[in-house]
J.: 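Have a look at this one before I ask anything.
Computation of the quantities below employed the complete heavy-atom set of this structure, encompassing side-chain atoms and omitting hydrogens, waters and symmetry-equivalent molecules. Residue numbers start at 1 and run along the sequence shown.
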Amino acid sequence: MNTLQQLKTIPKMNKKTMTGLAFSKKLILASAISSSIALTSCGGDGSPRIKDSQEKTIYESTKGVVTEVEEIEPGNDYKIIDERIIDEKERSIAIVHGLDGKIDTLSLAKIDKGSQEDGYRNRSGLRSILYYSLAASYFNRNLSNVTPNSSAYKNTSAYNKSTGLKNDLTNSATSRKVRVPGASSKGYGSGKSFRSFGG
């Protein structure tokens, strides 16, 4: 190969080398980007993050409730006649005044578990009405979702009393922070529930 031919091959080799270097840089850049995405999809503890998540405070009741109800129709229809707060949450109860004049004291823990013991059977409407009272604070971990419903109470006096007592439940509640989906996360799959991590 003469000198002229050698000079002609040098630019070709340099061009191939430069193309290879450019390709390598692209690979490195792509790898760095994918690693960055992987890191932002997980928290520092390895737990997944919710896209555009925001922090929310959950208030959970530490006190219990005694809810008195009056049976209107056998097993299906009840009205709340009185509520009061007690110190021990695990002792929460429903006092049921039956149509037959009998009074039953039922544990909210057993109602929550769907107990089939005598006294708990055939009371399909009881748990439903309790969800519209302060007793819902036993079943629901977030006090912000506990709101007495006037239609569940026998009279305005009973309803107003429970509404006022909710402040006492809130003031004695414990709080914790959770991550929930942000505005841009709503849409596809927004109807699904999200678990909190940590907290």
Side-chain angles (χ1 to χ4, degrees), residues 50 53-99 102-182 186 190-199:
I50 301 168
S53 64
Q54 58 190 22
E55 196 170 68
K56 182 179 179 180
T57 302
I58 299 293
Y59 294 94
E60 186 174 353
S61 173
T62 59
K63 292 192 174 184
V65 178
V66 174
T67 301
E68 287 194 65
V69 301
E70 185 178 278
E71 190 175 27
I72 307 300
E73 291 182 13
N76 293 314
D77 193 10
Y78 300 85
K79 290 292 182 182
I80 300 159
I81 57 175
D82 187 54
E83 288 193 283
R84 58 186 180 274
I85 295 173
I86 57 175
D87 289 333
E88 298 177 66
K89 188 174 183 178
E90 63 273 12
R91 291 179 177 266
S92 296
I93 57 173
I95 299 173
V96 182
H97 297 263
L99 285 171
K102 184 180 177 182
I103 299 176
D104 288 327
T105 299
L106 308 176
S107 161
L108 293 192
K110 289 187 177 182
I111 291 173
D112 191 32
K113 292 177 182 176
S115 177
Q116 291 300 305
E117 295 178 20
D118 290 339
Y120 292 83
R121 294 192 186 99
N122 303 318
R123 294 188 184 275
S124 58
L126 181 59
R127 180 171 174 144
S128 297
I129 204 72
L130 292 176
Y131 269 104
Y132 295 103
S133 73
L134 292 180
S137 63
Y138 182 89
F139 308 112
N140 197 320
R141 299 186 70 181
N142 188 2
L143 268 178
S144 64
N145 295 332
V146 177
T147 304
N149 187 316
S150 59
S151 65
Y153 290 78
K154 187 174 182 180
N155 53 53
T156 304
S157 177
Y159 168 69
N160 289 340
K161 179 183 177 182
S162 292
T163 301
L165 287 174
K166 187 185 173 181
N167 291 330
D168 294 338
L169 284 178
T170 303
N171 291 337
S172 61
T174 58
S175 64
R176 60 192 175 90
K177 304 285 187 180
V178 298
R179 305 297 302 186
V180 296
K186 295 176 181 177
S190 62
K192 296 178 182 178
S193 62
F194 289 83
R195 290 181 179 271
S196 62
F197 294 89

J.: Could you measure the distance from the CD1 atom of Ile111 to the CG atom of Leu106? Nearest 0.5 Å is fine.
T.: 5.0 Å
J.: Hey, could you give me the NZ/CG distance between Lys56 and Asn142, rounded to the nearest 0.5 Å?
T.: 5.5 Å
J.: Is a side-chain N or O of Ser92 found less than 3.5 angstrom from the main chain of Val65, in a donor-acceptor match?
T.: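 Answer holds: yes.
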J.: State which residues pass salt bridge (charged side-chain N to carboxylate O under 4.0 Å, His left out) with Glu68; sequence neighbours excluded, sorted by chain then number.
T.: Arg84
J.: Of all the heavy-atom pairs spanning Leu108 and Ala135, show the shortest one and how long it is.
T.: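 So the minimum-distance heavy-atom pair works out to CD1-CB, 4.0 Å.
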J.: Look up atom CD1 in Ile86 and atom CD1 in Ile93, then write down how far apart they are to the nearest 0.5 Å.
T.: 6.5 Å
J.: Can you tell me if Phe139 has over 12 outside heavy atoms packed within less than 6.0 Å of its CZ?
T.: yes
J.: Can you tell me how far the CD atom of Glu83 sits from the NZ atom of Lys166, to the nearest 0.5 Å?
T.: 12.0 Å
J.: Give a yes or no on this: more than 12 heavy atoms of other residues, nucleotides or ligands lie within 6.0 Å of atom OH of Tyr59.
T.: no
J.: Examine distances only and state if a side-chain atom of Lys154 and a backbone atom of Tyr159 form a donor-acceptor pair shorter than 3.5 Å.
T.: no
J.: Taking Thr174's backbone N and O only, do any of them form a donor-acceptor pair with Glu60's side chain (distance below 3.5 Å, no angle check)?
T.: no
J.: To the nearest 0.5 angstrom, please state how far the OG atom of Ser137 sits from the NZ atom of Lys63.
T.: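 Between atom OG of Ser137 and atom NZ of Lys63 there are 12.0 Å.
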J.: Would you indicate whether Lys89, at its atom NZ, is surrounded by more than 12 heavy atoms from other residues, nucleotides or ligands within a distance under 6.0 Å?
T.: yes
J.: Given side chains that start at C-beta, do those of Val66 and Arg91 come closer than 4.5 Å, heavy atoms only?
T.: no
J.: Quick check: do Tyr153 and Lys161 have side-chain heavy atoms less than 4.5 Å from each other?
T.: no
